[in-house]
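Working notes, beginning with the structure itself.
Indexing begins at 1, ligand by ligand and atom by atom, following the structure's order.
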Amino acid sequence: MTDNARLAGMRLLVSAGPTFEDIDPVRFLGNRSSGKMGFALAAEAAAMGAQVTLIAGPVALPTPAGVRRIDVRRALEMRTAVLAELPGQDVFVAAAAVADYMPEHTAAQKIKKTGDTLTLVLVKTPDILAEVAGHPERPRCVVGFAAETGDLERYALGKLREKRLDMIAANDVSQPGVGFECDDNALSVFTADARQEIPFGPKSQVARALLVLVADRLDLKL
Ligand code: CTP
């Protein structure tokens, strides 16, 4: 079988992009995720025959051919959309850079500059990936991402275990040209018993290689 049909008949849910957590009507907390890796995964999975739903944070990227796209803004909206789409999915790939914290309250009016300092109280967002991995409708294969700046293997394996994932794709974002805001990437992919390297290349090529590993895993779990 060529790669082109490796995901035929599979349903794949992908989260992509940053989340924007609103402080007031004109300000938000965001991050530097471009969404390119998640969009590349959605595009390649569709090209490999999967039925793909893409939950996209706020990015201006075009929707890949054959992909169903749902746009969201904040982590809470992303969680709602992911959980609504979960039933019947074979694979969940969490490529989104979900904010870890959000403002406790979003001000209804623009915050005025009254004092010399301003204190924002932030609260943890729900961990969408961990929730999906522990969900009664858990897909057969749950894949997380980890952006690390050192000790890749230790942190990635920690997340794999703690979040009960099948696979985690880690990148070293301290390397120039890798990951955030880039067109290229390189990944170390961990399962409970193996480590595989996806060499540096365009995100489309890296996405395809990761999806081949996912397809191999699905074959094992049939
Ligand atoms: N993730 C998620 N929901 C969150 C936070 C993260 O689904 N609220 C997912 C991301 O999509 C990614 C993985 O979890 O697949 C990243 O794990 P995380 O523990 O958030 O990594 P870091 O933010 O890098 O954690 P730390 O800062 O502790 O290294």
Side-chain angles (χ1 to χ4, degrees), residues 12-22 28-42 45 52-59 70-86 89 91-104 122-135 137-139 141-175 178-182 185-191 198 203 206-207 210-211 213-214 217:
L12 193 128
L13 184 63
V14 184
S15 73
T19 64
F20 286 175
E21 310 299 327
D22 290 325
F28 61 86
L29 292 172
N31 64 65
R32 287 163 51 188
S33 166
S34 65
K36 285 177 183 167
M37 193 63 221
F39 274 62
L41 282 159
V52 182
T53 303
L54 174 63
I55 312 291
V59 290
I70 299 169
D71 285 312
V72 297
R73 180 173 172 85
R74 33 189 325 221
L76 293 181
E77 280 169 22
M78 184 171 278
R79 171 181 178 271
T80 302
V82 165
L83 294 182
E85 295 300 322
L86 203 56
Q89 298 291 344
V91 181
F92 176 57
V93 184
V98 184
D100 289 327
Y101 293 90
M102 61 187 177
E104 186 177 29
L122 304 179
V123 294
K124 255 203 182 134
T125 56
D127 191 320
I128 302 166
L129 176 60
E131 196 170 342
V132 166
H135 199 278
E137 307 253 20
R138 185 193 199 281
C141 186
V142 177
V143 184
F145 270 77
E148 307 293 350
T149 52
D151 247 341
L152 202 72
E153 178 152 349
R154 184 161 71 87
Y155 287 123
L157 286 177
K159 286 175 192 176
L160 182 84
R161 269 191 298 270
E162 277 158 32
K163 300 196 192 198
R164 293 191 284 163
L165 310 177
D166 296 283
M167 193 181 281
I168 190 154
N171 54 7
D172 182 348
V173 288
S174 64
Q175 300 266 326
V178 169
F180 284 107
E181 293 179 324
C182 297
N185 208 354
L187 295 172
S188 299
V189 183
F190 300 89
T191 56
I198 298 179
K203 282 184 174 172
V206 171
L210 179 60
L211 290 166
L213 296 180
V214 168
R217 176 106 195 159

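- The two residues Ser33 and Asn31 come nearest to each other via the heavy atoms N-OD1, 3.0 Å.
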Going by atom type alone, with no hydrogens or angles, which donor-acceptor pairs under 3.5 Å involve a side-chain atom of residues 155-162 and a protein atom two or more places apart or on another chain?
from	atom 1	to	atom 2	distance (Å)
Lys159	NZ	Glu148	OE2	2.8

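- Looking at every heavy atom in both residues, Gly57 comes nearest to Met78 through N-CE, 3.9 Å.
- Shown here for Ile128 and Ala75, the closest heavy-atom pair between the two residues is CD1-O, 3.8 Å.
- Put simply, the side chain of Leu41 reaches to within 4.5 Å of the side chain of Met37, judged on heavy atoms.
- The OG atom of Ser15 sits 4.0 Å away from the CZ atom of Phe92 when rounded to the nearest 0.5 Å.
- At a heavy-atom cutoff of 4.0 Å, ligand 1 is surrounded by Ala94, Ala96, Val98, Ala99, Asp100, Thr125, Pro126, Asp127, Ile128, Leu129, Gly144, Phe145, Ala147, Lys159, Lys163.
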